[in-house]
Amino acid sequence: PYKIEEMLPGLPLSPVLMWTVILLIYAAIASVLPVWRLLQPRDYINGHQLLVAMGLLGIGIVVARPEMVAPAFDPHPSVDAPPLWPMLFVTIACGAISGFHCLVSSGTTSKQMDRESHALRIGYGGMLLEGMLAVLVIVAVGAGIGLATDGAGLSGVAKWHAHYASWRAADGLAPKVGGFVDGSANMLAAFGIPLQVGVAIMGVFVAAFAATTLDTACRLQRYVVAELASAMGIKPLTNKYDATAVAVVLAAVLAFPNGGKGGLILWPLFGATNQLLGCLALLVMTVYLKRRGKPIVVTLIPMLFMLVMTAWAMTYNLREFYRMDPPQWHLVCIGVVIMALEIWMVVESFVVMAGIRSFPARFEGAKA
């Protein structure tokens with residue numbers, strides 16, 4: 001009932017900007033506190049929210065039995081849609097491969113395990129659960145979205161085509177999240193949950209995921225800043241408070257433009273960079289296995305595949321960013337830098353691997 005301008009007169013902040021400030025302060029606090037004090041209990045609560053929401057969606061699918069209204073293959077795709085190959089492999093596929101999850105597992109998950117042997121069950125089980133969530137999301141946006149009639153009197157296939165009328169119509173974060181929330185709420189309504197309550201439940205579900213990403217990402221960036229500062233001899237930034245300040249300030253510089261929605265400016269690069277980071281994680285594991293004298297095929301083959309697909313997709317994106325009117329130079333420049341870093345890390349890794357000869361023997365000797 002109250003407007004923020006009336007509550008805080010003279011403060012030139014919109015609600016979005018105010019929430020941006022609040023969340024940045026929260027992220028800074030979460031970054032410096034011990035994992036067990038904030039992140040672990042927060043993850044515990046979010047884990048229950050995840051299981052409850054997934055359980056509700058599962059019940060909704062069984063009860064509603066929604067018809068899949070999304071076409072399995074569109075013979076007449078939108079003229080502005082990118083090619084399926086290689087763009088399929090740079091979608092946000094957290095249940096298959098995700099660079100952000102690689103950082104989380106090394107930066108926070110590893111600090112919450114009782115013993116190292118639990119890593120396989122937690123890591124692999126987490127990816128299976130994310131894969132199951134991906135299936136539920138596909139059902140929600142491909143079938144659930146057509147269960148209810150919208151304000152224009154559309155339902156079923158017609159409603160799906162209206163929401164995804166073209167590639168640009170469903171572009172951006174809001175239409176993508178909106179399709180999932182609406183489709184999920186429709187399925188929850190099939191067993192008695194009012195539509196608006198279902199929208200609220202799924203909205204909180206999505207927001208909870210965003211919150212976990214926010215504070216974890218800030219902590220991970222603090223690690224990166226501190227490690228880079230240590231390697232470059234910048235001692236003040238190795239302190240967790242100073243490193244956190246750098247991470248939060250950089251996030252604020254990115255977030256405040258465009259009315260607090262500045263992060264969406266770089267959103268088109270997220271899919272490719274996330275998958276590239278996952279590829280580089282496989283590269284690091286390949287080097288590690290090589291140094292230990294272990295078989296490397298299990299990580300080398302998927303690494304090479306993702307390396308080619310990601311570089312291909314990034315090249316396509318760079319061309320499209322340049323062709324836009326006006327050209328999106330910020331995306332072009334950042335994309336070129338990312339490609340250069342990729343090439344640099346790959347070359348350096350293969351140089352290291354080529355120089356590995358008898359490390360296992362030396363390792364065994366040192367251990368003896």
Side-chain angles (χ1 to χ4, degrees), residues 4 8 13-53 92 94 98-114 118-119 122-123 126-127 129-130 133 173 177 202-230 234-257 260-267 270 273-274 277-278 281:
I4 193 169
L8 300 170
L13 289 179
S14 67
V16 173
L17 288 174
M18 176 60 81
W19 273 109
T20 301
V21 173
I22 294 173
L23 292 174
L24 286 174
I25 295 174
Y26 162 74
I29 296 173
S31 175
V32 298
L33 287 178
V35 169
W36 58 266
R37 180 163 291 175
L38 177 60
L39 295 188
Q40 193 172 49
R42 186 267 292 148
D43 278 334
Y44 185 79
I45 295 172
N46 277 108
H48 281 78
Q49 289 178 317
L50 167 67
L51 294 176
V52 169
I92 305 173
C94 297
S98 170
F100 181 74
H101 284 65
C102 296
L103 293 177
V104 172
S105 64
S106 61
T108 59
T109 306
S110 60
K111 298 181 178 180
Q112 302 179 61
M113 295 189 299
D114 290 332
H118 292 171
I122 293 173
M127 290 298 96
L129 193 63
E130 291 242 34
L133 175 60
L173 190 58
V177 175
M202 288 301 131
V204 171
F205 177 45
V206 174
F209 264 91
T212 61
T213 303
L214 176 71
D215 50 24
T216 303
C218 185
R219 174 177 288 265
L220 294 174
Q221 188 169 355
R222 187 252 286 183
Y223 294 156
V224 172
V225 170
E227 290 176 3
L228 287 175
S230 177
I234 308 175
K235 190 173 181 179
L237 291 184
T238 59
N239 179 281
K240 67 178 181 180
Y241 298 103
D242 294 335
T244 296
V246 171
V248 171
V249 169
L250 290 176
V253 170
L254 176 62
F256 273 97
K261 302 178 182 179
L264 297 179
I265 296 173
L266 297 180
W267 178 254
F270 181 77
T273 53
N274 182 57
L277 189 57

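Qualifying side-chain hydrogen bond (donor to acceptor under 3.5 Å, both in side chains) partners for R219, counting only residues two or more places apart in sequence or in other chains: Y223. The side chain to side chain contact (heavy atoms under 4.5 Å, CB included) search around T213 returns F100, not counting sequence neighbours. Scanning for side-chain hydrogen bond (donor to acceptor under 3.5 Å, both in side chains) contacts around D43 gives an empty result, with sequence neighbours left out. Annotation: side-chain hydrogen bond (donor to acceptor under 3.5 Å, both in side chains) contacts of Q49 (sequence neighbours excluded): N46. For A119, the side chain to side chain contact (heavy atoms under 4.5 Å, CB included) partners two or more places apart in sequence, or in a different chain, are M113.
C218 and A27 make their closest contact through SG-O, 3.6 Å (heavy atoms, listed as atom of the first residue, atom of the second, distance). Pairing each heavy atom of C102 with each of G278, the nearest pair is SG-CA, 4.4 Å. Here the closest heavy-atom approach between residue V32 and residue K240 is recorded as O-NZ, 3.2 Å. Smallest separation of non-hydrogen atoms from I122 and T109: CG2-CG2, 4.0 Å.
Of the possible donor and acceptor atoms, none in the side chain of T238 sits under 3.5 Å from a partner among the backbone N and O of I234.
Atom NE2 in H101 sits 12.0 Å away from atom CG in L277 (nearest 0.5 Å). Interatomic distance, CZ of F256 versus CG of L24, reported as 6.0 Å (0.5 Å rounding). With rounding to the nearest 0.5 angstrom, the CG atom of L129 is 6.5 Å from the CG atom of L51. In this structure, L38 CG and D215 CG are separated by 6.5 Å, a value rounded to the nearest 0.5 Å. Note that CD of E227 is 13.0 Å distant from CG of L237, once rounded to the nearest 0.5 Å. Atom CG of L17 and atom CD1 of I22 lie 11.5 Å apart (nearest 0.5 Å).
Among pairs with a residue in residues 241-251, those fulfilling side chain to side chain donor-acceptor pair (under 3.5 Å) read S31-T244, at least two apart in sequence or across chains.
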